[in-house]
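Along the sequence shown, residues carry numbers from 1.
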Amino acid sequence: MNWSKGIRQFHRWTSIAFTLSVVLVTAVVVGQEEPAIWITLTPLLPLGLLLVTGLYMFVLPYVKRRRAALEG
């Protein structure tokens, strides 16, 4: 498996983790009077990973196009 496919698969699984963390945090917040701060910040880790992998996948076609233009 090359890097691009691995990054895409990681991005997909991370998006599932992010969605589940948002749902769970929402359920906890609704159930408690005053939730702990760390509970509300839990979705930020998967969101940061999604940002990094998403930016990589966004820039990848431009890098490939530029490399092809420089080589050919």
Taking side chain to side chain contact (heavy atoms under 4.5 Å, CB included) as the definition, give me every residue that meets it alongside Leu55, ordered by chain and number, with sequence neighbours left out. Leu51
Below 3.5 Å, can you tabulate the donor-acceptor pairs from side chains in residues 10-31 to any protein atom, sequence neighbours excluded?
residue, atom, partner, partner atom, Å
His11, ND1, Thr53, OG1, 2.5
Thr14, OG1, Phe10, O, 2.6
Ser15, OG, Arg12, O, 2.5
Thr19, OG1, Ser15, O, 2.9
Ser21, OG, Ala17, O, 3.3
Ser21, OG, Phe18, O, 2.8
Thr26, OG1, Val22, O, 2.7

Which ILVMFWY residues can you reach from Val52 by hopping between side chains whose heavy atoms are under 4.5 Å apart? none
Output a table of donor-acceptor pairs, distance under 3.5 Å, between side-chain atoms of residues 33-50 and any protein atom two or more places apart or on a different chain; print 'none' if there are none.
residue, atom, partner, partner atom, Å
Thr40, OG1, Ile37, O, 2.7
Thr42, OG1, Trp38, O, 2.9
Thr42, OG1, Ile39, O, 3.1

Pairs of donor and acceptor atoms involving the side chains of residues 59-72, under 3.5 Å and at least two apart or interchain, shall be tabulated with distances.
none

